[in-house]
Structures are given as C-alpha cells and as structure tokens.
**Student:** 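Take this structure, written in structure tokens, and hold onto it; I'll ask about it next.
Note on naming: letters A, B, ... go to the chains in the order of the sequence lines (proteins, then strands), and numbering restarts at 1 for each one.
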Amino acid sequence: MRFKSLKGIQDILPPETYIWQHLEHTSRKVFEKYGYKEIRLPIIESSDVFTRSIGETTDIVEKEMYTFPDKGNRSITLRPEGTAPFVRAFVQHHLYNEPSPQKYYYMGPMFRYERPQAYRYRQFYQIGTEALGTEDPKLDIEVISMLANILKKIGLKKFTTEITSIGCKECRPHYKTALKKALKNKLNDFCEDCNRRYEFNPLRLLDCKVPSCVKARTVAPAIIDFLCAQCTHHFETIKHNLELLNISYVVNPNLVRGLDYYTRTAFEVTSEALGSQKAVAAGGRYDRLVKDFGGPPTPGIGFAIGIERIIPLIKKSIVHDVYPDLFICSLGREASDRGFIMTEQLRNRGLWVEMNYDELSLRSQMRKADRIKAKNVIVLGEDELKKGKILIKDMQNKKETEVALETEEILKAVSNKK
RNA sequence: GUGGCUAUAGUGUAAAGGCAGCACGAGAGACUGUGGCUCUCUUUGUACGGGUUCGAAUCCCGUUAGCCACCCCA
C-alpha cells in the first residue's frame with residue numbers, strides 16, 4: 001500500500017460514523033438541558049498553554065505532546081486535552097463576566113504521542129464539558145449526574161463511577177508529608193518507577209499497578225483522612241447527594257489524576273469490558289486554574305468522555321437502518337432524463353430517492369434497488385411516458401399502486417407509506 | 001518509551017520450501033419490461049526492503065503497521 005494513515009491515527013468510516021453522530025447528538029441534547037453551550041476551540045495552541053497548566057513533570061507534557069516549531073519559530077502544540085485551551089479562551093474572552101455559573105461543552109480531536117493499542121490512539125476524540133463560577137458541591141454533583149445520564153442515554157449498560165477528593169492547597173501538602181513518612185522505610189518494596197516518583201510526585205505511588213507496590217502501599221494513609229474541614233464537608237456533601245439522586249458510585253481513594261491542575265473532586269468512569277484501557281470518561285475540579293491563567297480566581301469542574309472507548313460498548317445496540325424511500329428504474333434515454341429530473345424534485349421535497357446512473361437492464365436495476373433496500377420502486381419506460389401513469393411498487397409486500405406520472409402524486413403516494 | 005505476538009483479495013480464511021486457493025462481499029450477464037433463489041464471468045492479494053535456496057506466503061534480518069501486557073490515560 002502506497003499511502004497509509006499515520007501510526008495510531010485512524011479513519012472513521014460508515015456505518016460507524018452513525019454511531020458517532022448518535023453519541024454527539026445525544027450528548028448535545030443532554031447538555032442543553034443542563035444549560036451548557038457549545039464552544040469551539042483551536043486544535044493548536046502555544047506550547048506553554050499546556051506545559052504551565054498540565055504540569056511540567058507530568059507524563060503528558062514530558063513525553064506525549066505533539067510539539068513543533070512553526071515557520072516563525074514559535075513552539076506549537078497539538079492539544080493533548082481540552083481544559084487548558086478552554087481556560088485560556090475563558091480568560092482571553094473574559095467569559096467570567098457572563099452570568100455564573102458558566103457552562104460550556106466541546107467535542108473534537110486530541111493528540112497524544114503514545115504507543116497505540118486498541119481504544120488508544122494518537123488522535124482521539126473527546127466530548128468535554130467545563131463549568132465554572134462556584135465551589136458549591138451541588139455543581140460537582142450535577143456534573144457527575146449529567147455524565148451518568150449521558151452514558152445511560154447513549155446506551156452504555158454497565159459502568160462504574162469512581163470518585164475521590166484529592167484535597168486543596170491547604171490539606172494536600174500535609175498528606176504528601178504523611179505519605180512520604182509512612183512509606184519511607186518501605187521504599188525497597190516498591191518498583192523503580194515508584195522510587196523515582198517518590199521524590200517529585202509521591203501521590204503517584206497510589207495508583208501503580210505493579211503487584212509488589214500494591215501490596216507495599218497498604219500501610220499508606222488515605223488522603224480522605226487528611227482532608228481539611230472544608231474539603232471533607234465538600235466531599236461528604238457530594239457523596240450524600242449522589243445517594244439521594246440514586247447514582248451509584250464507589251470511593252476510590254487511590255484515584256490519582258495525571259494532570260497537576262486538579263483539586264478536590266476527582267472522578268473516573270470505567271467499564272470492565274474494555275481491558276486495560278478501561279477509563280471511558282474522567283474529570284475533576286480545578287479551582288486554581290483560571291487564576292493561574294491570569295484570570296480572576298474562579299473555581300471550575302469538568303470532564304471528558306473518550307469517544308473511541310464508548311463506541312465498542314454501544315456498537316451492537318445502535319442500528320442504522322435508514323433506507324431509500326424510492327428507487328426509479330428507467331428504460332431508454334427519454335425515460336432516464338425524465339426520471340433524473342423527478343429524482344431531484346423528489347429529493348427537494350424531502351424524500352431519499354435513488355436511480356441508476358448507467359443504462360442497465362431492468363433486471364439489474366431491480367436487483368440494485370433490492371440490494372440497497374429501497375422501500376419503493378417505480379419503473380419508467382415508454383409505456384409510462386405515453387400513458388402518463390406509473391406503478392409504485394412496495395418492495396416489502398410487492399403491492400403496486402397506480403398513480404399519475406407527476407412529482408406531487410408520487411410524493412403523496414410514497415409519503416403516505418413512510 | 002519497554003517487552004511479547006501477528007501481517008495472504010474489500011472482509012474472513014487455506015496452502016507445514018514446489019501451480020496462491022476457498023467462502024462471503026462487490027460488479028456484469030444468463031432470464032426480450034420487475035428484486036431476493038440458481039448458474040456463469042469479473043475482482044489491483046502474500047505489508048515494505050533485503051538475505052538464504054534450483055525454488056520462499058512459508059526460513060533469516062531489517063522496516064512499517066496492528067494487537068497484547070507495561071507506562072500512562074479518554
């Protein structure tokens with residue numbers, strides 16, 4: 001093959017595109033009920049939009065970004081996630097002056113230079129939301145609830161919502177200290193990576209999957225026990241209200257976000273059906289990010305759904321069974337021309353009409369109509385042109401109805417059966 | 001970035017060093033103006049580049065891509 005799409009980058013073909021549309025359409029409808037408005041953001045940004053917000057020492061920034069110089073030698077990065085560009089736009093356009101809370105959603109491609117695997121691509125698509133302007137836990141609850149609603153509406157049967165709180169700038173440092181102290185003497189039991197992470201990002205030791213590390217960290221204190229009074233209250237309110245709303249969740253104190261900007265609430269939705277790439281959506285609160293971008297202190301919370309990871313889970317339940325309303329068979333030049341004009345007229349009146357492009361035997365044309373599962377067929381030949389009448393054949397029950405050879409008459413006859 | 005497995009037609013699969021085949025799909029026709037069945041014909045194929053051999057889809061090396069487990073995440 002001479003040309004191929006790049007590694008980890010895929011084409012999305014029909015009929016799968018219809019599942020994508022279903023997903024996008026359904027989430028848009030839910031977003032509107034919650035007051036979210038669409039925002040369209042650029043795919044490329046100045047690199048420091050990401051390095052400053054996501055964190056210099058995170059894996060995303062350290063090794064997964066598509067970064068390159070443009071012709072003016074500026075460092076450009078293909079967005080690896082949506083929140084940083086959003087906050088940049090939020091501050092740039094003073095969106096904090098809109099009535100609070102400000103709620104936005106977006107959908108589009110993200111780019112990470114990773115080793116591809118099933119459901120993990122270098123260009124992947126997210127549906128994301130951001131809501132800002134209040135620290136109130138009701139917003140957190142609403143966001144988690146909305147996510148669950150979307151997932152249910154698009155047909156996802158089984159999923160788990162995991163939540164935790166990772167504290168704020170007051171309490172997290174205390175936890176970090178306690179964690180390091182508790183693990184200090186056990187470092188020999190941890191893997192090499194964990195030993196490296198111990199120094200600059202000890203929270204990471206909590207979600208290492210190496211069995212020996214899982215075992216060794218059982219002595220680690222839970223961050224939940226170190227939350228300050230406000231964070232504890234915040235978290236407890238969320239849990240309480242999720243129960244009132246009948247939204248099932250599990251607290252996973254080892255849930256750690258890979259991006260530095262998160263505070264307090266962190267959550268992740270997983271599906272066991274996916275193997276090791278089991279996260280289908282994830283998000284959290286980011287109360288300092290707007291200020292970091294030079295805006296007024298504005299708390300916020302958001303999440304992103306990974307489209308590619310949802311698709312295989314709902315594929316079977318979505319059937320795209322839309323077929324042409326009418327197929328026009330034509331015999332001879334004159335009939336073909338007349339048929340073509342009718343085809344266009346009927347399409348403009350709202351019908352899906354097909355006809356044959358080449359001159360073929362009637363048998364062939366009928367076969368084609370059958371193969372594309374056209375609901376009705378008319379045959380247009382010399383007789384019909386002469387008589388000014390045609391038969392509309394219903395392909396399901398084989399019944400034929402005679403109507404006048406006029407666009408309006410055909411439209412009426414076919415529409416009645418729709 | 002690390003380790004492993006894999007790559008044959010549009011798709012799914014055979015050919016264990018000796019004729020690249022089968023099924024499905026797709027296109028046309030047999031059947032003079034009515035589809036689904038049947039039959040016939042057609043269909044850009046051994047991922048790419050080298051090597052071993054009289055001879056390679058098959059063995060070896062490299063590249064690329066996909067998959068799996070890590071890492072990390074959506």
**Student:** Is there a side-chain polar atom (N or O) of A/Arg363 under 4.0 Å from OP1 or OP2 of B/G35?
**Tutor:**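 Result: yes.
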
**Student:** Could you write out RNA chain B as a dot-bracket string, with dots for unpaired bases, | for bases paired across to another strand, and Watson-Crick or G-U pairs counted at under 3.5 Å?
**Tutor:** (((((((..((((....[..))))((((((.......))))))...(((((..]....))))))))))))....

**Student:** Determine the Euclidean distance between corresponding C1' atoms of B/G45 and B/A7; express it in Å to zero decimal places.
**Tutor:**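 Pairwise C1' distance, B/A7 against B/G45, rounds to 13 Å.
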
**Student:** Does a nitrogen or oxygen in the side chain of A/Lys4 sit under 4.0 Å from OP1 or OP2 of B/A65?
**Tutor:**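 Indeed not, no polar side-chain atom of A/Lys4 lies that close.
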
**Student:** Rounding to the closest angstrom, what is the interatomic distance between B/G33 and B/A47 at atom P?
**Tutor:**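 Roughly 45 Å separates the two P atoms.
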
**Student:** How far apart are the closest heavy atoms of A/Gly82 and A/Gln126, and which atoms are they?
**Tutor:**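 Taking every non-hydrogen atom into account, N-OE1, 4.2 Å.
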
**Student:** Provide the distance between the two P atoms, one in B/G12 and one in B/G29, to the nearest whole Å.
**Tutor:**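 To the nearest whole Å, 30 Å.
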
**Student:** Quick check on the 6.0 Å ring-centre criterion: do A/Tyr175 and A/Phe226 meet it?
**Tutor:**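 Yes.
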
**Student:** Going 5' to 3' along nucleotides 1-6 of chain B, which nucleotides have protein heavy atoms under 4.0 Å from the base (write B), which only from the sugar-phosphate (write S), and which from neither (write -)?
**Tutor:** BBBB--

**Student:** Verify the stacking flag for A/Tyr119 against B/A74: centroid separation must be under 5.5 angstrom and the ring planes must differ by under 30 degrees.
**Tutor:**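 The base of B/A74 is not stacked with A/Tyr119 (the test needs centres under 5.5 Å and planes under 30°).
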
**Student:** Roughly how far apart, to the nearest Å, are B/A57 and B/G21 at atom C1'?
**Tutor:**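 The same atom, C1', in both gives a distance of 12 Å.
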
**Student:** Verify the contact: side-chain N or O of A/Gln117 to OP1 or OP2 of B/A69, cut-off strictly under 4.0 Å; return yes or no.
**Tutor:**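 Indeed, a polar side-chain atom of A/Gln117 lies that close.
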
**Student:** How are the rings of A/Phe303 and A/Phe267 set to each other: parallel, tilted or perpendicular (split at 30° and 60°)?
**Tutor:**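 Judged by the thresholds at 30° and 60°, the geometry between A/Phe303 and A/Phe267 is perpendicular.
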
**Student:** Kindly say whether, by distance alone, the side chain of A/Lys373 makes a donor-acceptor pair under 3.5 Å with the base of B/G36?
**Tutor:**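 Counting by modelled atom types and ignoring angles, no donor-acceptor contact under 3.5 Å is found here.
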
**Student:** Do you know which of A/Phe31, A/Phe86, A/Tyr36 makes ring-ring contact (aromatic ring centres under 6.0 Å, His included) with A/Tyr105?
**Tutor:**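 Testing A/Tyr105 for a ring-ring contact (aromatic ring centres under 6.0 Å, His included) against A/Phe31, A/Phe86, A/Tyr36 leaves exactly one candidate, A/Phe31.
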
**Student:** Classify A/Tyr121 by what it touches in the nucleic acid, base, sugar-phosphate, or nothing, heavy-atom distance under 4.0 Å.
**Tutor:**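 Base contact.
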
